[in-house]
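I'd like to ask some things about the structure below.
Each chain gets a letter, A, B and so on, in the order its sequence line appears, and its residues count up from 1. Excluded from the calculations below are hydrogen atoms, water molecules and symmetry mates; all remaining heavy atoms, backbone and side chain alike, are included. Just so we're clear, the structure is a prediction, and the values are computed from it rather than from any experiment.
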Amino acid sequence: MTEAPRKILVTAALPYANGHIHIGHMVEHVQTDIWVRFQKLRGHQCVFVWADDTHGSAIMKSARKAGISEETFIQGMSDAHEKDFAGFGIEYDHYSSTHSETNRQLSTEIWSAFQEKDLVAVRKVAELFDADTGESLPDRFVKGRCPKCDAADQYGDNCDKCGATYSATDLVDPISTISEKPPVSGETDHYFLQIEQLHDFLEEWTQSGQHLQDEVANYLKGHFLGEPLRDWDVSRPKPYFGFEIPGTAGEHFWYVWFDAPIGYIASTKEWCEKNGEDFDSWWRSEETEIHHFLGKDIQYFHCLFWPAMLKTAGFNLPTRVHIHGFLTVGGEKMSKTKGTFIKASTYLNHLQPEYLRYYYAAKLGPKLDDLDLNLEDFVTKVNAELVGKVVNLASRSAKFVQQTGLSASYPDDDGLFAQGAEQGDKIAAAYENCDYARAIRLILELADRANPFVENAAPWNLRKDESKAQELQDVCTIAMNLFRQIVIYLTPVLPTLTEQVAELMNDPILHWDQSKTPLTGTPINKFKHLAKRIDEKDVTKMIEESKTEAAEEAATEGPLVGHEYGDSEQPMLDKPLTEECTIEDFVKVDLRIARVVAAEHVPEARKLLKLTLSLGGEHRRQVFAGIKAAYEPESLVGRKVVMVANLKPRKMKFGLSEGMVCAAGAGGEEIFLLSPDDGALPGQRVT
RNA sequence: GGGCCGGUAGCUCAGUUGGUUAGAGCAGGGGACUCAUAAUCCCUUUGUCGCGGGUUCGAGUCCUGCCCGGCCUACCA
């Protein structure tokens, strides 16, 4: 029952470039990947595009904290994201960034459409700015005492302690979390999209029952569509990391949520250009289905603003928006202190990606319910179902046919294989509806039928009687085919297992319909373990590592540690960190304690002093140092400094310089030599 | 306070348009097998289907009130 090939475009929510991927994100990524792999396996043209979401205040802040440019920051994060996805077998067709030229162009195009339809309004908005950087401060970037209960250290939107909500301008003794100084209030122009003009369209689109889950449609109706839609503020004043709004002379930028979803289109466009595809056939064609996967936290963006944008600019509307719930671990929100805030990379240090893919699949339904990762359940399910029932089928029958291969024709199996083939339609329907939990249940039923078959046929007994060689081969041909059928059904979830089985049975698995025809006459390769059981210790180790990571993070970037000293961030801004180096790189530089034993002016030099440094004993070095403006020679004699002792000597106009002394400072008169604490001796190495 | 979702065996859940004695897996108990990754197979215990009303010949399934849990939201998008 093969359908006509469909043309399907799929997206997952764009990961924000402000942090690493964790196992909560993976729920969505696995959900999406399974759906995409399923569609491809069914023979449809299915393309999965996505990108990093890279703009906004949070990115600026993080980049600054890291002492690097935003561009460098988002590139590094994007690389890390892609690595995590690869580790989990997420097979997208194109990964882009919202900070791309294509996205800028498309954002401009959509913006123009709003302008042409006269749907953009400009109004003054009161807001707070950082005193140093002049940045507009989102509520979460302002802290102060709650105006209601006086609790300290509260964000500008609501109070953790008493639950009061207010605006950032109401905070008592507010400070900017950027400069730690009181913010400055002011007023700037903001650009708004008047989406109320599209109210009727949105009402119809969201309530049609075609595109959204019922809960979502109800939510939108109850919260937004029951009254006039407020104008949507899509601009932020400079400085802002994002795209400048055309015609605003660099004063205004699009709010990150304006250009983020446009990244779906931009990524598609890039993919089209790379693959010689016609862009309009994907985003301006009735033939194409568009499916978005995302979490319930961002549903209103995707179900109100986004359709409004697409409608206005004349793009395809989403065929279906698939919204999922959040991940809990052990019934609770992920917690850093409990070690359940597990990064994707941390998981991969300890466990196989397919285990989590399987577990998520076994628990994912089409609703918005939260998914709970119960670690005991996780171990049990994977070991009992995946390894004990499914994989065990192969490991108990493959080796009996290793010599002979599969029978030339498929033997009578009392309709077992045919039943499995029939079940395939139900399984496919479950996948199609994102009811993976149901799909897995249906698949396990097949395994629960196959194991008793092997039990009753008892190939281990047939083996003992040479006259039953044919029967033995037949029994194993059946067992291996039942196994393979199950594996085909699990392919969207467990792509690696499928590859292993294809190799074992010498027949590639490329299409769902291969589950309808038994494989015969092929050789069977030597059996190798297809999946290890989970060792609970690995789970424990993973939790421990997560705890350690969280503790380290808290130590290095504790919220306001050190802020009482009032150290400015300027030096880091002036000279961002250079690229990371290894300890091997570092030890190449031999830093030593040295004592200044002589110092004199170099008459012809504008900046240099000539120093004679002692490394103890008879070890002397002559060094020309550019510190003339800051130090008198006589004040230096006798003091200890830090020098680069293995620097290649350099011939200068005034003589040979045999090293460098270490100093910091802005330059000119502001140069400060490093000195060791008392006790460090000349000649000792700095490590 | 409002909205949504859920409350079925110790645990995780399934129960399709209301229809006979309410099911599965795991865990527990007993047995078998020994090919397999202490896997597998057979047998087996356990339920006031959250509580109270109502509709119906008949309700886990529909209506209603309440209790409990989760998520969202509280004039913010």
Side-chain angles (χ1 to χ4, degrees), chain A residues 138-140 156-158 163-168 192-193 195 213-224 226-227 229-234 255-258 295-301 304-305 323-328 331-333 359 362-363 365-374 376-402 426 429-430 435 437-438 440-442 444-445 447-464 472 475-476 479 483 527-535:
Chain A
D139 290 347
R140 301 290 287 181
D157 46 1
N158 61 60
T165 55
Y166 41 78
S167 74
F192 294 83
L193 299 185
I195 54 169
Q213 288 128 300
D214 292 345
E215 304 98 295
V216 178
N218 290 340
Y219 161 78
L220 296 170
K221 194 176 177 66
H223 281 86
F224 301 95
E227 51 193 80
L229 294 164
R230 274 178 282 263
D231 294 348
W232 182 32
D233 182 355
V234 291
Y255 174 45
V256 53
W257 264 108
F258 179 78
K296 60 186 180 183
D297 51 330
I298 54 176
Q299 44 184 316
Y300 57 84
F301 285 110
L304 290 176
F305 303 151
I323 299 176
H324 61 80
F326 296 140
L327 179 74
T328 55
E332 298 175 341
K333 279 188 183 174
Y359 187 77
K363 299 198 87 171
K367 304 271 190 96
L368 280 75
D369 300 331
D370 288 347
L371 188 160
D372 186 46
L373 167 59
N374 178 308
E376 282 174 38
D377 189 37
F378 170 61
V379 174
T380 311
K381 249 183 146 49
V382 169
N383 288 351
E385 297 175 3
L386 193 57
V387 183
K389 284 192 171 149
V390 176
V391 166
N392 191 227
L393 269 174
S395 60
R396 68 193 307 202
S397 46
K399 74 172 184 187
F400 298 130
V401 273
Q402 221 165 273
K426 280 200 240 170
D435 197 347
R438 181 174 167 79
I440 297 291
R441 274 200 310 278
L442 291 167
L444 282 181
E445 283 178 14
D448 282 335
R449 267 178 240 159
N451 272 310
F453 166 80
V454 177
E455 197 78 19
N456 294 329
W460 48 93
N461 288 335
L462 297 174
R463 179 182 55 163
K464 294 171 189 161
L472 174 65
V475 163
C476 293
F483 169 66
F527 182 77
K528 287 181 272 192
H529 267 4
L530 299 171
K532 258 193 342 213
R533 303 171 68 73
I534 299 182
D535 186 342

Worksheet entry | P atoms of B:C49 and B:C11, separation to the nearest Å |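 So the two P atoms sit 15 Å from each other.
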Worksheet item: How close or far is atom C1' of B:G69 from atom NZ of A:K333, stated in whole angstroms?
Response: 15 Å
Practice prompt. Send over the distance from A:R449 CZ to B:A24 P, rounded to a whole Å.
Written response: 15 Å
Discussion item. Does A:R438, at its CZ atom, have more than 12 non-hydrogen atoms belonging to other residues, nucleotides or ligands within less than 6.0 Å?
Written reply: no
Item to complete: In whole angstrom, give me the gap between the P atoms of B:U17 and B:G6.
Response: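 About 15 Å, rounded to a whole number of Å.
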Worksheet item: Expressed in angstrom and rounded to an integer, what is the separation of A:D214 atom CG from B:G6 atom P?
Response: 11 Å
Discussion item. Say we look at B:G1 and B:C66: how far apart would their P atoms be, to the nearest angstrom?
Written reply: 11 Å
Practice prompt. Keeping the roles fixed (side chain from A:E215, backbone from A:K367), state whether a donor-acceptor pair exists under 3.5 Å.
Written response: no
Fill in: C1' atoms of B:G60 and B:U44, separation to the nearest Å
25 Å
Worksheet item: Atom CD1 of A:I323 and atom C1' of B:C71: how far apart are they, to the nearest Å?
Response: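 Between C1' of B:C71 and CD1 of A:I323: 14 Å.
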Item to complete: Quickly work out the A:F483 CZ to B:U40 P distance and round it to whole Å.
Response: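 That distance rounds to 15 Å.
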Worksheet item: Backbone N or O of A:D372 within a donor-acceptor pair of the A:K363 side chain at under 3.5 Å?
Response: yes
Worksheet entry | A:A447 vs A:E385, nearer the 5' end of RNA chain B by closest nucleotide |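 First, find each residue's nearest nucleotide; the 5'-ward one identifies A:E385.
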Worksheet item: What stems involve RNA chain B, if each pair must be Watson-Crick or G-U and both of its distances must be under 3.5 Å, with 3 or more such pairs in a row?
Response: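 Expected stems, ordered by start: B:1-7 with B:67-73, B:10-13 with B:23-26, B:28-32 with B:40-44, B:50-54 with B:62-66.
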Worksheet entry | Proximal nucleotide (of B:C41, B:C72, B:G6) relative to the A:F326 side chain | B:C72
Fill in: Rounded C1' spacing from B:U16 to B:U34 in Å
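The answer is 41 Å between these two C1' atoms.
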Worksheet item: Base, sugar-phosphate, or nothing for A:W232, non-hydrogen atoms under 4.0 angstrom?
Response: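 Sugar-phosphate contact only - A:W232 comes under 4.0 Å of backbone atoms but never of a base.
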Discussion item. Does this structure show an ion pair linking A:R441 with A:E385, if we count only N-O contacts that are shorter than 4.0 Å?
Written reply: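 So A:R441 does not pair with A:E385 through a salt bridge.
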Worksheet entry | Along RNA chain B (nearest heavy atom to each residue), the more 5'-positioned of A:T328 and A:R230 | A:T328
Item to complete: Mind checking A:F305 for me? I need base, sugar-phosphate or nothing, with any heavy atom below 4.0 Å counting as a touch.
Response: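 Result for A:F305 = sugar-phosphate.
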Item to complete: Rounded to whole angstrom, note down the P distance from B:G52 over to B:C57.
Response: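 That atom pair is separated by 23 Å.
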Worksheet item: Counting only heavy atoms not in A:D214, do more than 12 fall under 6.0 Å of its CG?
Response: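 Check fails, neighbour count at 12 or below.
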Discussion item. Rounded to whole Å, please give me the gap between CD in A:E215 and C1' in B:G6.
Written reply: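 Rounded to whole Å, this separation is 11 Å.
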Discussion item. Taking only the P atom of each, what is the distance from B:G28 to B:U48 in whole angstrom?
Written reply: 22 Å
Worksheet item: Does any N or O in the side chain of A:Y359 come within less than 3.5 Å of the main-chain N or O of A:N374, such that one atom is a donor and the other an acceptor?
Response: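 Checked: pair present.
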Worksheet item: Would A:F305 and A:F258 count as a side chain to side chain contact (heavy atoms under 4.5 Å, CB included) if you check the C-alpha gap in whole Å, the side-chain angles of each, and the deciding distance to 0.1 Å?
Response: CA-CA 9 Å; A:F305 303 151; A:F258 179 78; over 6 Å; no
Worksheet item: With distance as the sole criterion, is a donor-acceptor pair present between the side chains of A:T380 and A:D377 under 3.5 Å?
Response: no
Worksheet item: Whole Å only: how far is the OH atom of A:Y300 from the P atom of B:A77?
Response: 9 Å
Worksheet item: Using the ring of each side chain (for Trp, its six-membered ring), is A:H529 parallel, tilted or perpendicular to A:F527, with breaks at 30° and 60°?
Response: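 Ring orientation of A:H529 relative to A:F527: perpendicular.
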Discussion item. What is the distance, to the nearest angstrom, from the OH atom on A:Y255 to the P atom on B:A77?
Written reply: 11 Å
Worksheet item: Quick one: what's the B/S/- string for nucleotides 29-39 of chain B, heavy-atom cutoff under 4.0 Å, read 5' to 3'?
Response: ----SSBBB-S
Practice prompt. Taking atom C1' in both B:G69 and B:C51, compute the distance separating them and give it to the nearest angstrom.
Written response: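 After rounding to an integer number of Å, I get 15 Å for this pair.
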Discussion item. Please check this pair: side chain of A:N383 against backbone of A:I534, looking for a donor-acceptor N/O pair closer than 3.5 Å.
Written reply: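 Checked: pair present.
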Worksheet item: When all nucleic acid strands are considered with a 4.0 Å heavy-atom cut-off, which category describes A:R438: base, sugar-phosphate, or nothing?
Response: nothing
Item to complete: Would you confirm whether A:D370, through its side chain, and A:G325, through its main-chain N or O, come within 3.5 Å as a donor-acceptor pair?
Response: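 Flag not set: sc A:D370 to bb A:G325 has no pair under 3.5 Å.
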Worksheet entry | Residues, nucleotides or ligands: over 12 heavy atoms within 6.0 Å of A:Q402 CD | yes
Produce the list of close N/O pairs, under 3.5 Å, pairing protein atoms with atoms of nucleotides 7-13 of chain B; give distances to one decimal.
none

Discussion item. Against A:W257, only a single residue in A:W232, A:Y300, A:F301 fulfils ring pair (Phe, Tyr, Trp, His ring centres under 6.0 Å); can you say which?
Written reply: A:F301
Fill in: Side-chain N,O (A:K221) to OP1/OP2 (B:G3) below 4.0 Å
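So the side chain of A:K221 is outside the cut-off, no N or O lying under 4.0 Å from OP1 or OP2 of B:G3.
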Worksheet item: Which one, B:C4, B:C42, B:G2, comes nearest to the side chain of A:P452?
Response: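 So the side chain of A:P452 is nearest to B:C42.
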